[in-house]
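As the structure is a computational prediction, the values presented were derived from the model and not from experiment.
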Amino acid sequence: QVELVESGGGSVQVGGSLRLSCVVPEYTDSSYCMGWFRQAPGTEREGVAALYTGSDFALYADSVKGRFTVSQDKIKSLVYLEMNSMKPEDTAMYYCAAERSDFVHHPLSKDEYSYWGQGTQVTVSS
């Protein structure tokens, strides 16, 4: 079992920035595909970014490309989601997810991930 813990959510104004963190246990013992997802009330959970921890390869949803950056700190066993130029439509509960694998077919699909954090709320106000 992999327990993930997110932190860093909060409220920010339009155009502002936030950085989310996700603690990944046993980080150095395994290669993961790490995903960041978000879910607003009444909507499906959508993938916004994913990172392969072994290769450091990252990919993004079109809606956040150029604004969000996913990165890792292997020493601290952390994966980050840096969010800049934030918009009201970024408001959602944000989740990190992990799949112990070097490759998944659809890294932005929630169906690819076995482990999830509890979520952290992000609110962007105008």
Side-chain angles (χ1 to χ4, degrees):
Q1 187 70 15
V2 176
E3 295 187 11
L4 307 175
V5 180
E6 305 99 335
S7 62
S11 297
V12 65
Q13 291 191 325
V14 170
S17 299
L18 279 176
R19 188 177 74 167
L20 307 182
S21 301
C22 178
V23 178
V24 185
E26 301 178 0
Y27 195 96
T28 56
D29 295 335
S30 301
S31 292
Y32 290 96
C33 182
M34 297 297 301
W36 282 100
F37 290 77
R38 66 187 182 187
Q39 188 170 19
T43 68
E44 291 288 321
R45 190 170 296 189
E46 65 166 338
V48 297
L51 175 75
Y52 289 102
T53 61
S55 65
D56 213 27
F57 178 76
L59 67 160
Y60 301 91
D62 288 343
S63 58
V64 306
K65 202 171 293 182
R67 301 188 298 121
F68 289 12
T69 302
V70 59
S71 62
Q72 61 179 326
D73 184 330
K74 291 187 176 182
I75 295 175
K76 296 181 179 179
S77 298
L78 288 170
V79 173
Y80 300 106
L81 183 68
E82 183 78 33
M83 304 183 291
N84 299 311
S85 301
M86 297 187 73
K87 304 175 180 180
E89 52 263 43
D90 295 324
T91 295
M93 186 73 79
Y94 281 71
Y95 301 88
C96 72
E99 182 65 18
R100 208 191 303 264
S101 176
D102 289 325
F103 175 79
V104 299
H105 289 282
H106 304 289
L108 296 182
S109 170
K110 63 183 187 301
D111 297 331
E112 296 281 10
Y113 294 87
S114 299
Y115 307 106
W116 291 85
Q118 82 288 350
T120 185
Q121 178 67 37
V122 171
T123 302
V124 184
S125 57
S126 56

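Rounding to the nearest 0.5 Å places CG of Leu78 at 5.5 Å from OG of Ser21. Between Thr123 atom OG1 and Met93 atom CE the span is 9.0 Å, to the nearest 0.5 Å. For the atom pair CG of Asp111 and CD of Glu99, the computed distance is 11.0 Å after rounding to the nearest 0.5 Å. Taken from CZ in Phe68 to CE in Met86, the straight-line distance is 5.0 Å, to the nearest 0.5 Å.
Between Leu20 and Gly9 the shortest heavy-atom distance is CD2-N, 3.5 Å. Between Glu46 and Ser63 the shortest heavy-atom distance is OE1-OG, 4.5 Å. When every heavy atom of Val70 is checked against every heavy atom of Ala58, the shortest pair comes out as CG1-CB, 3.6 Å.
Scored by the side chain to side chain donor-acceptor pair (under 3.5 Å) test, Glu82 finds no partners at all (sequence neighbours excluded). With sequence neighbours excluded, the residues forming a side chain to side chain donor-acceptor pair (under 3.5 Å) with Asp62 are Lys65, listed by chain and number. Residues passing the side chain to side chain donor-acceptor pair (under 3.5 Å) test with Glu112, sequence neighbours excluded: none. With sequence neighbours left out, the ring pair (Phe, Tyr, Trp, His ring centres under 6.0 Å) criterion links His105 to Phe103. For Arg19, there are no side chain to side chain donor-acceptor pair (under 3.5 Å) partners at least two apart in sequence or on another chain.
You'll find the ring centres of Trp116 and Phe37 inside the 6.0 Å limit.
Other residues, nucleotides and ligands place more than 12 heavy atoms under 6.0 Å from the CD atom of Gln118.
Side-chain atoms of Tyr113 do not come within 3.5 Å of backbone N or O of Cys33 as any donor-acceptor pair. Looking at Thr53, its side chain does come within 3.5 Å of a backbone N or O of Tyr32 through a donor-acceptor pair. Looking at Glu6, its side chain never comes within 3.5 Å of a backbone N or O of Thr120 through a donor-acceptor pair.
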Open item on the list: Could you walk me through whether Val23 and Leu4 satisfy the side-chain contact (heavy atoms from CB on, under 4.5 Å) test, starting with their C-alpha distance in whole Å, then the side-chain angles of each, then the deciding distance to 0.1 Å, before giving a yes or no?
Closed with: CA-CA 6 Å; Val23 178; Leu4 307 175; over 6 Å; no
Task: Leu108 and Tyr60: CA distance, side-chain angles, deciding distance, side-chain contact (heavy atoms from CB on, under 4.5 Å) verdict - done: CA-CA 8 Å; Leu108 296 182; Tyr60 301 91; over 6 Å; no
TODO: Please report the C-alpha distance between Val5 and Glu3 in whole Å, then the side-chain angles of each, then the deciding distance to 0.1 Å, and finally whether the side-chain contact (heavy atoms from CB on, under 4.5 Å) criterion is met.
DONE: CA-CA 7 Å; Val5 180; Glu3 295 187 11; 5.6 Å; no
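The side-chain heavy atoms of Val12 and Ser17, taken from C-beta on, include no pair separated by under 4.5 Å. Residues Asp56 and Leu51 are in side-chain contact: their nearest non-hydrogen atoms beyond the backbone lie under 4.5 Å apart. Taking 4.5 Å as the limit, some side-chain heavy atom of Pro107 sits within range of a side-chain heavy atom of Leu59.
Linking Ile, Leu, Val, Met, Phe, Trp and Tyr whenever their side-chain heavy atoms come within less than 4.5 Å puts Phe57 and Val104 in one cluster. Neither Met34 nor Tyr80 shares a network with the other; the hydrophobic side chains, linked directly or stepwise wherever heavy atoms of I, L, V, M, F, W or Y lie under 4.5 Å apart, form separate groups for each. No continuous path of hydrophobic side-chain contacts links Tyr52 to Val48 [ILVMFWY only; heavy atoms under 4.5 Å].
For residues 87-98, the pairs satisfying side chain to side chain donor-acceptor pair (under 3.5 Å) are Arg38-Asp90, Arg38-Tyr94, Arg67-Asp90, with sequence neighbours left out.
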